[in-house]
Each structure stands twice: as C-alpha cells, then as structure tokens.
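What follows is a single structure, written as structure tokens, with notes after it.
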There are 2 protein chains.
Amino acid sequence: MENEVKNPGFKTLQKIQSEVKSSNTIALSVDCVIFGFDENKLKVLLIRSDLKKYQGKWSLLGDLMRSEEDLDDAAYRILKQRTGLNDVYLEQVHTFGKINRHPAGRVITVTYCSLINIRHHKLNILDNELHWHDIDNLADLAFDHQEIFDTCYTRLQKRVQEHPLGFNLLPKKFSLRDLQNLYEAILGFKMDRRNFRKKFFTMDFLIDLKEIEQNVPHRPGKLYEFNYSKYEKRKKKWAGIDF
Amino acid sequence: MENEVKNPGFKTLQKIQSEVKSSNTIALSVDCVIFGFDENKLKVLLIRSDLKKYQGKWSLLGDLMRSEEDLDDAAYRILKQRTGLNDVYLEQVHTFGKINRHPAGRVITVTYCSLINIRHHKLNILDNELHWHDIDNLADLAFDHQEIFDTCYTRLQKRVQEHPLGFNLLPKKFSLRDLQNLYEAILGFKMDRRNFRKKFFTMDFLIDLKEIEQNVPHRPGKLYEFNYSKYEKRKKKWAGIDF
DNA sequence: TAATAATGTGTGTATTTTACACATTAAACG
DNA sequence: CGTTTAATGTGTAAAATACACACATTATTA
C-alpha cells in the first residue's frame, strides 16, 4: 500500500482489519480535530482518507492506539505522526462508539481537539494529503467524521465563551480588530466593535504596546500584547480545563 | 468466583486478565457515576470491588464492553446489570486511559454519569454490595476511581448551573426549600433564599399548586410542580445535552 | 485638499446580580 | 390561650453587566 511506504507509522486498512477481526475485541483509535485560524477564517485540518472505499473523501487525523501508551500520549503521537505538530495542546472531547461507525470493523475512537495559528506551526505535508479546509465549506467527510467535527466545533465555541483563549492564535502583537476577527470567525457571528473593546479592556489582559499597525490601507490601529502573567493568576478562578 | 455465580453477566478478574493479556490489544470498559439525592444530601452509588487486591475498597459501577454493542448501549446495559436501573439518562463524561490505571491489565474506561432521586428508583441490591455514599465522605476508592469521580462531579456541578435540571430529583410536589436544598447539596454552597426564589420564579418553570406542606414542624411552605411543557419549549434554546 | 474608511472613545438604558429587612404563618410551649 | 420560635413569603435599593448607539479622529488615496 502506498501509504505504508510513505508513512510507516500508520495503520492501513488491512492492518486494522486483521487486528480488529482476528480477535473478538474492539480496536481503539484516536481522532484529532485541529482547528486553525488564518486570514480571519476558521479552518480544520483534514487528511485524504487512505481507505479505498472512501477515496476522495477527507478524514480527521487519526490512527489506532497502541497498547503500551497512555491515551493522551497516543493523541499527541498520532497528531505528530500525521502532521509533524508537537507543541499543540490537545483536549479530549468525546468518545464515539457506534457499532458500524468504521468500515474496517469495530473501532471506537476517542476524539481530541485543538486550535492553533496556522502560520505559527509548520506542517509536515506529504503529497498534499493534508489540507486546511474552511469549516463552513466541508465536503462530505469519511465515516462519522462530520458528526465528530460538529461535536468538537460546538465544544470549541463553548470554550471560547468561557475562557479568553485565542491569544496564542494571533501574532505576538495584534490589534483589537485582529482579536475581534478571531472571535467572530470562531463564534460565527458579528459583534459590536465598541462593546467588544470594552469587554476586553475590562478583562485587563491586554498590554498597550504604544505602537500602531504598519502598511494597512486605512488608519492603523494600536497594537497590543497578551498579558500572560495576569491571565495565569486569574485563571485559577476558572475551574476546569485551560485549553 | 462467587460473583460469577450470582451475576453471570459480570466479568471477573480472571476473565479480564485473560481477555486483556492474551492479545496485545486494549480492553474497553464503561464506568458509571450515579449521583443520587436523598434527605438533602448528594450521594454516589458504589459497589464493593470484586478484586481481591482491592478488597474492602469501593468502586464505581463498571464492566467490560462487548464488541457487538454500541458504546452508549454498553453503558446502559452495565448500569442495568449492576444495579437494576434502566430508566436513567446517562451522559458520557470522559475517557480515562493511563497505562497502569487498572491492575488487571490494559483497560481504558469510558465514564458516564447521571443524577437520580434515590427514592424513585429501586436498586437491585445483592448482598449489600451496592451502597449510596455521601460524596463528602468517600473512603478511598479502587484504582483511579477517585479521579473519575472528581471529573464527573465537576461536570455535574457545571451542568446544574447551565440547565434547570434537578426536577426529576424531587417529589412531584415540592417546596422551594426542597429545591434550594437540592441545589445547595449539588453545588456545595449556601445561597440567599430570597434571590434563589426570584431566580426560579422568573425562569417560569414552576406551577403554584395552591397547596402547602403537611406535617412540618414550622410554617409550611407552598408546594410547586415542575412545568415540563414550558421547559421543553425553552430547552431548544439551550444547545446540547439535556441530562 | 477633500473624500473615504477605518480606528478610538463615551453615554445612556436595560437587564441581571447581589445584598439586605421586615411582615406573616403555623407549631410548640408555658 | 397568649407568647415564643422558626420557619416562609415578599420588596427594595445598589451594583455590576450587557446592549444600543453617535461622533470625533486619523491615515490613506484620489
């Protein structure tokens, strides 16, 4: 199989089938939904399905787990194998386990998601198998990957409203317009510019750099930096996941 | 094994070990964290561990999954087998997969949780193996079950603040004091009585029954009923899980 | 130098949250 | 039978937050 040669770490359909059907057990996989932000658009990283039956379809980044690794470690390994990404925080979202969800046999998949700045991370792209898709323009995905995507996207939108994430997603220096574009892309609706600014100023996580944008075709905006130390202190008050 | 005889559906330690270690695969289990409310206290349903090594310790309700059932179905089956409960809504919470989390071998567990009124459900108690424990008084649990419990408890507290659940937990007719006791037991802190009432009245899910409590050693409170139809209509606005 | 298209700032209103005080009712008790 | 007790039931004001909206400012560009 061509994939086998190029990506020796990956399991092919045959491998999955033999592994799954030989015993009466259940195979476990991990799928990663990597959201990316670039040019004011929210995207998701997909890979061309290596299963013949799903030729031409796109899939999430996934592979079978190994029995000698922690579940979370498996997620990071698989992401790294598939994309070269290794400095990305992954959050577990949900486990999908319908009987016939995978054509190769009984495979239950634990899904993780993340959100990164596309330009900050170098992908290890093999033969254009990897591609950033606009999230509002997803062609049909393989298996139940649309459902998985939807679940992760909903989770992402919720997280964004609870935590002021989204700072690693912008360049170090950013304008408030940049920040608002980010939030609007993720949440999918427009917000009032004035109230948006007020909200973030009162949160007090922004450092005014006393600089302005360069080379914009209009009045340049002020540039800000994220105040990580203040955020870290405040964070403890928000119980739970820190994305 | 005595458990084998009494509960033929359950897997014993030996079974798990043989199943897990024979192949190089990973076994999958489901654990259920069933919260119960009774006498104004929040409790959790535990079972005596059937593993010798963990003798005397208490465990969550769990068992191995079967390969011919949906993941969600497995959760309901296992809950039913262990407790007799079959009309309980289960919500998936998290999947735990550290390598050494289970003494019998490589077992990854998908956890579900629920919240029920203890008096509304009849448990199928075998030899006192099942027991409702006060949540603030948990002795040491087997394996990583304390961590699992903590995760589910945090999730429950979050859900309670987002959705007006907790109505199936009270008798059909209840006083506002009953309702507040429920919320305080789950959230773990006291609330202002007047503001609590205001909050629920403006939510508009309560039907004033024009009745009062009987046999209370003080001024009786009014009794209310939950307005399910209004709740159902409103519910659509709250995306997601309905517990 | 005027038109354009952004940014930057402020104000008022409505809504929600929080804090807090007093009258009312039934039971318990002398 | 009246008084005490310990709850319930109700209202009001301040504070914080969300929402709607208007105008001056600054580079660009035409």
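Hydrogens, waters and symmetry mates play no part in the numbers below; they use all other heavy atoms, side chains included. Here the structure is a predicted model, which is why all the values come from computation and not from measurement. Letters A, B, ... are given to chains in the order of the sequence lines, protein chains preceding strands, and every chain is numbered from 1.
Residue side chain Arg193(B) does not reach the base of dA7(D) through any donor-acceptor N/O pair under 3.5 Å, judged by distance alone. Put simply, the side chain of Arg194(B) and the base of dA19(C) share no donor and acceptor less than 3.5 Å apart. Under 3.5 Å, the side chain of Lys199(A) and the base of dT17(D) form no donor-acceptor pair of N or O atoms.
Rounded to an integer number of Å, the gap from CZ of Arg197(B) to C1' of dG11(D) is 13 Å. As a whole-Å value, the separation of Met191(B) CE from dA19(C) C1' is 16 Å. Rounded to whole Å, the distance from CD on Gln180(B) to C1' on dT8(D) is 12 Å. Rounded to a whole Å, the NZ atom of Lys210(B) is 12 Å from the P atom of dG9(D). Separating the CG atom of Asp192(A) from the P atom of dG10(C) is a distance of 16 Å, rounded to the nearest angstrom. Taking atom CZ of Phe196(A) as the reference point, atom P of dT17(D) lies 18 Å away to the nearest angstrom. When the P atom of dT8(D) is taken as reference, atom CG of Leu209(B) falls 17 Å away, rounded to whole Å. Asp208(A) has its CG atom 12 Å from the C1' atom of dG8(C), to the nearest Å.
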Using a 4.0 Å heavy-atom cut-off, write out nucleotides 25-30 of chain C from 5' to 3' as B (base contacted by protein), S (sugar-phosphate only) or - (no contact). BSS---

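For dA6(C), the OP1/OP2 oxygens have no side-chain nitrogen or oxygen of Arg177(A) closer than 4.0 Å.
When atom types are taken as modelled, the side chain of His145(A) and the backbone of Ser59(A) share no donor-acceptor pair closer than 3.5 angstrom.
The listed nucleotides are dT18(C), dA22(D), dG9(D); the one nearest the side chain of Lys198(B) is dT18(C). In the set dC21(D), dG8(C), dC20(C), dC21(D) carries the atom at the smallest distance from any side-chain atom of Asn195(A).
Asp144(B) meets the salt bridge (charged side-chain N to carboxylate O under 4.0 Å, His left out) test with Arg101(B); sequence neighbours excluded. A search for side chain to side chain contact (heavy atoms under 4.5 Å, CB included) contacts involving Lys199(A) returns Met203(A), not counting sequence neighbours.
In this structure, Glu184(B) pairs ionically with Lys190(B), as a charged nitrogen and a carboxylate oxygen lie closer than 4.0 Å. A salt bridge links Arg155(A) to Glu91(A): at least one charged side-chain nitrogen sits closer than 4.0 Å to a carboxylate oxygen. In this structure, Glu39(A) pairs ionically with Arg119(A), as a charged nitrogen and a carboxylate oxygen lie closer than 4.0 Å.
Residue Asn181(B) holds its CG atom at 6.0 Å from CZ of Phe37(B), rounded to the nearest 0.5 Å.
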